[in-house]
Amino acid sequence: QQPEEFKTFPTVLPPISFSYFKTIDNGNSGPRFLRSSYYTLPANNDIAKNIGIPICITMQPTAFTATGEDPVPLCDLPGLQAPVRCQRCGGYMNPFNLFLDGGRQFRCCLCSQLNDVPHEYFSPIDFSGYRQDIRQRPELLKGSVEYPVTAKDYFHRPAESINYLFLVEVSQPACSAGILDC
């Protein structure tokens with residue numbers, strides 16, 4: 001049996017987690033890496049309270065890709081020590097950032113901050129507003145990418161050990177026993 005193909009963009013509901021599917025990364029991270037408890041956010045707090053389901057995101061950045069799926073691409077960053085990020089919120093370069101001023105600046109899709117593009121990362125934009133090197137930049141095409149960085153190049157201070165780890169059991173027996181009732 002052939003797996004169902006799931007294209008991550010345009011926005012469609014992801015397949016059920018236990019179903020047999022093949023992810024085609026078209027700009028959003030696939031459901032093997034990120035899965036939300038909501039696929040449409042409530043319009044206001046009253047609706048969210050009435051629904052009673054917490055907004056949760058399950059992240060599994062080291063998930064295996066299924067047979068037939070493309071591997072997560074490695075971003076080549078010649079001349080850069082770290083990935084290009086927003087100066088305000090720290091968001092990584094992604095397919096939804098908008099390039100302006102001939103490719104010399106980008107607007108962060110998360111916080112709308114206008115950022116300068118590092119000289120080593122610059123590429124002119126074409127007549128439709130896309131960078132000319134977009135096909136060579138997986139971070140501008142894919143929702144999941146890997147960056148070749150080391151801790152010493154990336155962190156500004158030494159990493160600290162985990163002091164607290166919270167685990168919440170959400171199995172059917174636990175939920176039936178009322179462990180999630182607040």
Side-chain angles (χ1 to χ4, degrees), residues 5-12 14 21-36 38-39 41 55-166:
E5 284 191 352
F6 170 66
K7 295 182 180 180
T8 64
F9 189 67
T11 49
V12 293
F21 64 93
K22 173 184 171 182
T23 303
I24 299 172
D25 187 340
N26 288 337
N28 285 318
S29 189
R32 293 189 209 292
F33 300 111
L34 287 171
R35 189 174 282 275
S36 176
Y38 282 73
Y39 296 112
L41 293 176
I55 297 174
C56 303
I57 295 178
T58 302
M59 295 186 292
Q60 193 173 356
T62 58
F64 292 106
T65 54
T67 304
E69 290 180 350
D70 291 335
V72 175
L74 181 66
C75 295
D76 186 25
L77 302 170
L80 295 173
Q81 288 191 355
V84 177
R85 299 176 70 180
C86 174
Q87 295 169 353
R88 180 188 292 160
C89 72
Y92 287 84
M93 184 58 64
N94 65 72
F96 302 101
N97 288 337
L98 177 66
F99 286 92
L100 304 164
D101 191 23
R104 290 183 276 285
Q105 295 182 315
F106 73 93
R107 183 168 307 281
C108 177
C109 65
L110 302 173
C111 72
S112 299
Q113 171 74 21
L114 193 60
N115 297 274
D116 291 329
V117 171
H119 177 71
E120 301 83 6
Y121 193 75
F122 172 77
S123 176
I125 55 176
D126 63 17
F127 64 91
S128 59
Y130 292 103
R131 287 174 54 114
Q132 291 182 2
D133 68 346
I134 192 168
R135 297 279 171 223
Q136 289 78 44
R137 296 278 184 198
E139 68 273 20
L140 301 177
L141 294 171
K142 305 289 185 181
S144 296
V145 295
E146 290 191 27
Y147 290 103
V149 295
T150 62
K152 76 174 186 63
D153 293 333
Y154 195 69
F155 293 111
H156 300 292
R157 62 177 192 252
E160 297 180 19
S161 62
I162 296 175
N163 294 322
Y164 300 99
L165 177 64
F166 296 95

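These numbers come from the heavy atoms of this one structure, side chains and all, not from hydrogens, waters or symmetry mates. In this text the structure is predicted, and so the values were computed from the model without any measurement.
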What distance do [X] atom [atom1] and [Y] atom [atom2] have between them, rounded to the nearest 0.5 Å?
{"X": "S128", "Y": "I134", "atom1": "OG", "atom2": "CD1", "result": "8.5 Å"}
{"X": "L140", "Y": "F99", "atom1": "CG", "atom2": "CZ", "result": "5.0 Å"}
{"X": "N94", "Y": "S29", "atom1": "CG", "atom2": "OG", "result": "11.5 Å"}
{"X": "Q113", "Y": "Q105", "atom1": "CD", "atom2": "CD", "result": "10.0 Å"}

Side chain proximity check, [X] to [Y], heavy atoms < 4.5 angstrom:
{"X": "M93", "Y": "L77", "result": "no"}
{"X": "V117", "Y": "V84", "result": "no"}
{"X": "D70", "Y": "T65", "result": "no"}
{"X": "P73", "Y": "K142", "result": "yes"}
{"X": "L110", "Y": "C86", "result": "no"}
{"X": "V72", "Y": "F33", "result": "yes"}
{"X": "P14", "Y": "R35", "result": "yes"}

Taking all atoms of both residues into account, what is the closest heavy-atom pair of [X] and [Y], and its distance?
{"X": "L114", "Y": "L100", "value": "CD1-CD1, 3.6 Å"}
{"X": "Q60", "Y": "R32", "value": "CB-O, 3.7 Å"}
{"X": "G27", "Y": "P95", "value": "O-CG, 3.7 Å"}
{"X": "E120", "Y": "P78", "value": "CB-O, 4.1 Å"}

Counting N and O atoms only, with roles assigned by atom type, does the side chain of [X] sit under 3.5 Å from a partner on the main chain of [Y], one being a donor and the other an acceptor?
{"X": "N97", "Y": "C109", "result": "yes"}
{"X": "T23", "Y": "D25", "result": "no"}
{"X": "R104", "Y": "H119", "result": "no"}
{"X": "N115", "Y": "Q87", "result": "yes"}

Practice prompt. Inspect the surroundings of OH in Y39 and state if more than 12 heavy atoms from other residues, nucleotides or ligands are less than 6.0 Å away.
Written response: yes
Worksheet item: Near Y130 OH, under 6.0 Å, is it more than 12 heavy atoms from other residues, nucleotides or ligands?
Response: no
Discussion item. Applying the side chain to side chain donor-acceptor pair (under 3.5 Å) criterion to D133, which one of R135, R131, Q136 satisfies it?
Written reply: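 That would be R131.
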Worksheet entry | Ring centre gap for F96 and F9 strictly below 6.0 Å | yes
Worksheet item: Would you call the rings of F6 and F21 parallel, tilted or perpendicular if under 30° counts as parallel and over 60° as perpendicular?
Response: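 Taking F21 first and then F6, their aromatic rings stand perpendicular (interplane angle over 60°).
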